[in-house]
Each structure stands twice: as structure tokens, then as C-alpha cells.
S.K.: 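The structure is given below, and queries will be raised subsequently.
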Amino acid sequence: MNYQVLARKWRPHNFTEVVGQEHVVKSLINALQNNRLHHAYLFTGTRGVGKTTIARILAKAINCENLQDFNPCGQCSVCQALDEGRFLDLIEVDAASRTKVEDTRDLLDNAQYAPNHGRYKVYLIDEVHMLSGHSFNALLKTLEEPPPHVKFLLATTDPHKIPVTVLSRCLQFNLKRLLPAQIATQMAFILQEEQLEFEEPALKLLSRAADGSMRDGLSLLDQAIVFGNGKVSSDAVSSMLGTVAHQPVEDILNALAAGDAPAMLDKINEIANLTPDFADVLQQMLQVFHRVALAQQIPSAIAQDVDAEMIAALASKLLPEDVQLYYQIGLLGQKDLDLAPDPRSGFEMVMLRMLTFRPATSLSSKTAKPAPSQQVISKPQTTQQHTSIPAAVKETLVASVSTTTADKSGVPAQETYKHSADNNWADMIALMSLAGPTRELANNCVLESIDDSACTLIVDPGYMRTTRSEDSLQKALQAYQGAPLKLIFKVAKPTVDTPAVQLVKQREDRQQAAVDAIAADDNIQALKEHFDARVMPGSIEPV
Ligand SMILES: Nc1ncnc2c1ncn2[C@@H]1O[C@H](COP(=O)(O)OP(=O)(O)O)[C@@H](O)[C@H]1O
Ligand SMILES: [Mg+2]
Ligand SMILES: [Zn+2]
């Protein structure tokens, strides 16, 4: 059987059949209605949104012998010849395959001759940005003094590559990416016409994966039909998309989670060979971050998703606050992509920014490094720094936040507190090297008196003592005194601060000092100013 791909078979033949692009269709119909056609049109937009389709319909409408409501009739000899690709007055050039200057010049030389059959000679130059410089010059000459019986219809995905001299002589229409709902509706229509079974959710998945391109959507639909043996079911489509669509994104995110810059750049390099549209890839990343964040709060929210497993895995690998940060960086990075020298380097910078600005509290560093960095402001940890990170990124200062108080040896430091003249109980506790519940108990007491035979402690009535910790405190005090000692507890509200209360107060003071230091820091100020950064609430801890 001769299977014709859906995109080809279902190319719209008239304006009514075109999905979306109302702004373009309306203007063209208006121009036809008022007989005010421009001599050169340029259709721009991403792949598969209807540039070639609309240009061909316009070519037909310009010459149709029997316009129906300014739509080509589809019946007359012009329409039929054009639909079958044998209309002599339509000169279609695919610039991607025909860029030699002589070819274009020959074609354009013929422009001066009258049309064979129709009212107008129509030049449809597809992928016009691929023309060589010489060819553009030849085109420009003709555009400067167009013969009255000639129309130019140009189409491109990349208008930035077209010389302004040419651009300024064209009426430009920018076609929009199609919405998932528009694509899904068209799929349903086509499947009904083809008498193929389908499940609505499957079309949702496919139309989302089409990412604005009807052609991509219909190609995916072709694949799904083959994959599901003529039936488009959700299960089949899920497994089909799950494996093809998300792998590269997943790989990059895993490298990000591992803080592995070389692996990340490798994966980006791989993608560069597959999917040249980095804006799409970034979009996908954002969608994944969004769902990872959801999964971290409400795990059941993603249970039904095609890629629930991948999302769950990432949700366990990434800290919620990191996910928020990455999302924010990715979101703002979308803006950069257009401004970057090229989309790929723009994308790379966005991803490296995520790595660079990752707080030092990330899971991997927590488990891998017992002693977080000592400075309040530090450069990224060495494990995250790699020679392939551009120098500019390396230089960027990062607000890094430490998780535990630790000394340089990596061993958690004993929390120390100030002496108070009338109570050296705190010092005694330190010297006794108490641990766990015993230390807790001691910290919640105030020393009333101590002599050779007895020690009296005042303990807060709210504090729950255990016999075990009382015993071990008694033993520790005895060892400290070097003689048998009786331990007496008096339950009463202490009149001076217990070591526990002192600690809390000191912590609060140090916390405030750290917050003040961060607020006053020049580098933090600069980050706020230039990158729209903000200090995450609760992330500041004194070291
Ligand atoms: N706006 C649209 N409405 C309906 N079908 C469309 C539309 N845009 C693209 N298609 C489908 O995709 C195929 C390729 O579209 P085409 O116009 O060649 O895209 P491009 O914008 O890349 O030139 C068409 O044959 C048609 O099946
Ligand atoms: Mg095209
Ligand atoms: Zn016609």
C-alpha cells in the first residue's frame, strides 16, 4: 500500500482549511477583496506552522478563475494544475537546495516575460534565508523594479538572515506557533476522516509534544499510528513519547543534579545534533522543574504522568529550594536566549548559571562533604568547578550558605558560650564532655551550689528529666570532683539564664549579625542589582 504521510496528505487547499494564523489569513483575504495585493510577501515562523501552505494558497488565489469568497475555488484549471504541481506560472524554488547564483539569475531573468496561463507569474522562494549573497542581489534587483505581472512569495524560518534591503521591500507576516488544542483538534479531524480509532488523551500528549508545529504533530501522529498498529491509544503514545521526547532533557538534568559540568556540556552537545531549537529544550526543562516541584509537595500529583518515574527520581535528587532556583534561572534565561550570540551558547549559559548559583546546601554536597564552606560568601565548591566553565562564570560570586557549624577539621564544633561571672556551670559542662540527654539536662539547669559532698542544681519545672540522665550527670560530676558526690535537684524557675537559654540568645545574636552582614555585602548588592537576585528567606546561617 502506498502510504502518504499525513502532513502531506492533509495540507490545506484553501484559507478556510488553515488552522489558526487568522491574522495572516484575514489580511490576505482583505488584500484580495480590495485588489490591493503587494508585490512581495514574506512569511516567517518556526517549522510546520503553515508558511509554505499559505504561500501556495495565496498563489492559487492570485490566479484562480473563480474565487469563492476570496478563497481559491479548487475546481478551475488553475487551481487543479496548481494542486497537482504543474502550473507553469508558479515558479517554486527551494533555496535550501538551489543557491547557486546562476540558477536564481536565470529564474529571475524569466520574470520579465508575461505569464503563460494565469494573470500573474508567482515566485515562491522557500527557505529564502539560504540564498547566497549573489542570489540575494539578483533577487533585490527584481524586487526594486518588479514587473507588474510578477508576485514574490518568500518564506523562511530565519528572517534575521535576510538582508534588510530585501526585508524592506516585502510585506512581512509572522506566523504563530499553534496551540496544543488547535493541533489536537486537527488530529481528531484527520483521524475521523481516515476512520482510525483514537483516544482523546493520546491526542493531548501528541499535540503537546508537537510543540507548536502542526507538521511535527502530524509526523508524531504518523508514528503513533504505526506504533499502535492503526489505533492511537494513550498507552501506546505514552510509551512512544516517554522514550523519545524526554531522554536528552533527563540526561542534562541528571548531570545538573550531580553538579557535573563536563557531563552536562556533553549532553548539550548531543542535543545540538538532535534538536536545534534550544528555546524548546529550555521550555521542556521548565516544565520538568515545575512538575518536580509539584511532586516534592504532592507526590500523587504526577502519578498519572507519562514520565512519572523520571520526575520522581529527580524529585528525590534535588532539593526543593534548588528546584525553585533553577526554575527561576530558566525562566529569566528564556529572555537571554534571543540575545545570545547563538541559541546554543545562550542555553549553555543558562544551564551553567544553574550550576554556578546552586547553593552549597545541595543534597550532593551535604552527603559528600561533611564540612561546608566556612565563608558566608564563597565561590562554588570545587567539586562543581570544572575547567570547561567559562571564566566569566567562575568569577561570579555565589551566596553560599552553610548547613552546620563546623570547624576546619570537619568535626562539628562544640557549641561554646560566654562565661558569666556568677555562674561557671557552662564551663563545667564543657569540661565534663557531656553528650546527648545528659548534656541536655545539664544545659537546662542552673548551678546553685557545689562543695566536697554535694552539688545542688536548679532545674526548670518545664524540663522533663530521666533517671538515666540524672545518674550519668551525677557520675560525671563525681569524676569532675574526683570524690563521691551527691547530686540534688531543686525544681524551680531559675533566676539566671540556663546555658540552654544563653545558647539560644547567642544564636539569635549571631543570626542577626549574619543577616546584617549579608545585607551589607557589596557582592550581594551587585548580584541583586544585575541578576535580580534575592536572598532566599531562611537560607542565611552564621558560620
Ligand atoms: N496552519 C496550519 N493548518 C493546517 N495544517 C497545517 C498548518 N501548518 C502546517 N500544517 C500541516 O503541516 C504541513 C507542513 O506545513 P508547511 O506549510 O509546509 O509548514 P512550514 O511553515 O514549515 O512551511 C502541511 O502540509 C499541513 O499538513
Ligand atoms: Mg515550508
Ligand atoms: Zn480556482
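All values below come from the heavy atoms of this structure, side chains included, with hydrogens, waters and symmetry mates left out. Numbering of ligands and ligand atoms starts at 1, following listing order.
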S.K.: Looking only at protein heavy atoms, which one is nearest to atom 23 (O) of ligand 1, and what is the separation?
M.R.: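 So the nearest neighbour among protein heavy atoms is Thr52 OG1, 2.7 Å.
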
S.K.: Does NZ or CZ of Lys51 lie under 6.0 Å from the centre of the six-membered ring of Phe43, at an angle within 45° of the ring axis?
M.R.: no

S.K.: Looking at Thr53, which atoms of ligand 1 are within less than 4.0 Å of one of its heavy atoms?
M.R.: 15 (O), 16 (P), 17 (O), 24 (C)

S.K.: Quick check: does Ile54 get an N/O under 3.5 Å from an N/O on ligand 1?
M.R.: no

S.K.: Can you name the atoms of ligand 1, numbered from 1 with element, that are less than 4.0 Å from a heavy atom of Arg47?
M.R.: 22 (O)

S.K.: Is there any N or O on Gln21 that sits under 3.5 Å from an N or O of ligand 1?
M.R.: no

S.K.: Using the ring of each side chain (for Trp, its six-membered ring), is His117 parallel, tilted or perpendicular to Phe87, with breaks at 30° and 60°?
M.R.: perpendicular

S.K.: Working to the nearest 0.5 Å, report the span between CD1 of Ile183 and OG of Ser213.
M.R.: 6.5 Å

S.K.: So which heavy atom on Gly333 is nearest to which on Leu282, and how close?
M.R.: C-CD2, 4.0 Å

S.K.: Give me the nearest non-hydrogen protein atom to atom 18 (O) of ligand 1 as residue plus atom name, then the distance to 0.1 Å.
M.R.: Arg11 NH1, 3.1 Å

S.K.: To check your reading of the model: name the closest protein heavy atom to atom 14 (C) of ligand 1, its residue, and the distance in Å.
M.R.: Arg215 NE, 3.7 Å

S.K.: Does any N/O atom on Gln186 come nearer than 3.5 Å to any N/O atom on ligand 1?
M.R.: no

S.K.: For atom 6 (C) of ligand 1, which protein heavy atom lies nearest, and how many Å away is it?
M.R.: Met214 CG, 3.4 Å

S.K.: Taking the Zn ion (ligand 3) as the centre, how many protein N/O/S atoms fall inside a distance shorter than 2.8 Å?
M.R.: 4

S.K.: Can you tell me which residue and heavy atom of the protein come closest to atom 26 (C) of ligand 1, and the distance to 0.1 Å?
M.R.: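 Nearest protein contact, heavy atoms only, for atom 26 (C) of ligand 1 is Ala7 O, 3.6 Å.
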
S.K.: Answer yes or no for Gly48: is there a heavy-atom contact with ligand 1 below 4.0 Å?
M.R.: yes

S.K.: I need the protein N, O or S atoms closer than 2.8 Å to the Mg ion (ligand 2), given as residue plus atom name.
M.R.: Thr52 OG1

S.K.: Pairs in or reaching into residues 74-83: which pass salt bridge (charged side-chain N to carboxylate O under 4.0 Å, His left out), with residues at least two apart or in two chains?
M.R.: Lys60-Asp83

S.K.: Starting from atom 4 (C) of ligand 1, find the nearest protein heavy-atom neighbour and note its residue, name and distance.
M.R.: Pro12 CG, 3.5 Å

S.K.: Which residue pairs pass the ring-ring contact (aromatic ring centres under 6.0 Å, His included) test with at least one member in residues 188-231, sequence neighbours excluded?
M.R.: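 Output for this query lists Trp10-Phe189.
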
S.K.: Please indicate whether any nitrogen or oxygen in Val49 is less than 3.5 Å from any nitrogen or oxygen in ligand 1.
M.R.: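 Between Val49 and ligand 1 (N or O atoms, distance only) the closest approach is under 3.5 Å.
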
S.K.: Quick one: look at Thr157 and ligand 1, take heavy-atom pairs under 4.0 Å, and tell me if it's side chain, backbone, both or neither.
M.R.: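 The answer is neither.
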
